[in-house]
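Working notes, beginning with the structure itself.
Side chains are part of it too, since the values below use all heavy atoms of this structure and drop only hydrogens, waters and symmetry mates. Ligands are counted one by one from 1 in listed order, and the atoms in each one are counted from 1 as well.
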Amino acid sequence: MPGEAAAPPLIVGNWKMHGRVGDLEGIRRLGAALASHPSTAAVVICPPATLLFQLSQAIQGTALACGGQTCHPEPQGAYTGEISAGMLRDAGAAHVILGHSERRTGCGETDEQVAARAQAAASANLAPIICVGETLAERLGDRTLDVLRSQVTGSVPRDLRDRPLAVAYEPVWAIGTGQTPTSRDIETAHSAIRISLVSRLGAAGSQVRVLYGGSVTPGNASEILAVPGVGGLLVGRASLNWREFLEIVRAADAASNRGQTPLPADQPI
Ligand code: PGA
């Protein structure tokens with residue numbers, strides 16, 4: 001809409017099962033770099049749960065936020081090894097990645113379970129980042145858009161309308177492989193996700209940031225952020241090196257200065 005400010009891009013670092021206490025020094029340096037040259041992007045680090053509390057302390061007073069990598073649907077109980085959304089919140093998280101393909105595949109998480117986790121996250125005042133994406137076989141079978149529609153419909157609870165929420169398009173075959181879809185393919189996927197979000201959440205679906213994830217690097221971040229409909233990035237490997245991650249954040253700054261994140265700015269982060 002003319003005159004309407006673009007939403008700041010959301011740049012999320014997913015550390016997966018990487019990171020020790022010694023790695024917090026890089027986060028302090030990232031925080032300091034963003035303090036001396038503030039970013040227009042919302043920047044979130046999702047470390048392993050063991051580091052969440054210390055990382056949340058290390059980023060206090062900086063523009064950084066942090067999040068978990070999954071949460072259990074129940075608030076507490078006899079679930080050995082699991083972590084609830086409230087516990088993540090208690091440890092300082094504001095966000096949580098849900099339904100990552102490594103959890104859908106490795107832990108058998110279904111759309112229904114992802115939706116239950118998203119519901120639990122919202123109840124604990126965490127902003128879910130719900131991941132969707134096709135496998136290589138689905139892509140080769142020309143089923144990408146059907147898979148995305150059905151994952152959005154199954155994983156995004158209608159109750160999350162008007163709650164902070166992001167969806168990440170992560171083609172499974174692009175994660176950790178160095179391969180990325182073409183800009184045109186990303187645009188097509190994001191547009192299908194947007195249509196599904198609107199049919200699921202009504203007008204609120206047009207406000208949800210849709211991120212891209214899968215082999216994002218400082219070298220391709222600008223090009224991906226320039227794709228219409230891309231509202232941010234979910235970064236795995238390149239988020240482990242704070243300098244590389246900072247370069248990606250700076251690419252997002254340049255993109256928002258060019259007005260390339262088309263969503264309105266009223267989505268809370
Ligand atoms: P990658 O991981 O950037 O290392 O491909 C992305 C992700 O899995 O979220």
Side-chain angles (χ1 to χ4, degrees), residues 9-19 23 26-27 30 41-49 51-52 55 65-71 88 93 95-109 114 117-118 121 126-136 138-139 144 147-148 151-152 155 165-183 185-186 189-190 193 209-225 227 230-252 255:
L10 174 61
I11 308 296
V12 182
N14 174 13
W15 281 13
K16 309 189 181 185
M17 199 172 71
H18 297 281
D23 297 306
I27 289 301
L30 177 67
V43 185
V44 179
I45 308 285
C46 298
L51 272 189
L52 197 48
L55 192 142
C66 63
Q69 298 178 9
T70 184
C71 68
L88 293 176
H95 303 255
V96 61
I97 297 169
L98 293 172
H100 190 283
S101 64
E102 286 153 12
R103 293 202 57 88
R104 288 179 186 263
T105 309
C107 308
E109 280 183 21
V114 174
R117 286 161 202 258
L126 292 179
I129 301 161
I130 298 176
C131 302
V132 297
E134 82 286 0
T135 62
L136 185 59
E138 288 161 345
R139 182 177 192 80
T144 298
V147 168
L148 298 179
Q151 286 185 337
V152 170
S155 310
L165 167 71
V167 169
Y169 169 51
E170 293 213 310
V172 179
W173 55 271
I175 294 173
T177 61
Q179 296 176 42
T180 51
T182 63
S183 294
D185 284 348
I186 295 175
H190 276 239
I193 290 168
R209 279 197 194 81
V210 182
L211 317 182
Y212 168 81
S215 295
V216 174
T217 64
N220 62 22
S222 296
E223 187 181 339
I224 295 171
L225 285 161
V227 174
V230 172
L233 301 169
L234 179 51
V235 185
R237 177 157 296 281
S239 71
L240 297 175
N241 176 314
W242 73 271
R243 286 192 179 83
E244 276 188 42
F245 191 58
L246 181 61
E247 275 187 65
I248 291 171
V249 172
R250 294 305 180 211

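- Shortest contact from atom 2 (O) of ligand 1 to any protein heavy atom: Lys16 NZ, 3.3 Å.
- Counting heavy atoms under 4.0 Å from ligand 1, residue Ile175 touches it through both backbone and side chain.
- Ligand 1 has Gly214 within reach: a non-hydrogen atom of the residue lies less than 4.0 Å from it.
- Using a 4.5 Å cut-off on side-chain heavy atoms (C-beta onward), Trp242 and Ile27 make no contact.
- Near His100, the atoms of ligand 1 lying under 4.0 angstrom from a non-hydrogen atom of the residue are 7 (C), 8 (O), 9 (O).
- Every atom of ligand 1 with a heavy atom of Asn14 under 4.0 Å away is listed here by number and element: 9 (O).
- Under the 3.5 Å distance criterion, with hydrogens and angles disregarded, a donor-acceptor pair is assigned to the side chains of His100 and Glu170.
- One finds a salt bridge joining Glu109 and Arg117 here, because a Lys/Arg side-chain nitrogen approaches an Asp/Glu carboxylate oxygen to under 4.0 Å.
- Nearest to atom 4 (O) of ligand 1 among the protein's heavy atoms is Arg237 N, 2.9 Å.
- Trp173 pairs with exactly one of Glu138, Glu134, Gln179 by the side chain to side chain donor-acceptor pair (under 3.5 Å) rule, that one being Glu134.
- Each of Val210, Leu148, Val172, Val114 was evaluated against Val132; a single residue qualifies, Leu148, per the side chain to side chain contact (heavy atoms under 4.5 Å, CB included) test.
- Ranking protein heavy atoms by distance to atom 7 (C) of ligand 1, first place goes to Glu170 OE2, 3.2 Å.
- Protein heavy atom closest to atom 3 (O) of ligand 1, with residue, atom name and distance, is Gly236 N, 2.9 Å.
- Closest to atom 5 (O) of ligand 1 by heavy atom, among Gly213, Gly178, Gly176, is Gly176.
- Inter-residue side-chain proximity for Ser239 and Ile45 is flagged as unmet; no heavy-atom pair is nearer than 4.5 Å.
- Counting only heavy atoms from C-beta outward, the side chains of Val43 and Phe245 approach each other to under 4.5 Å.
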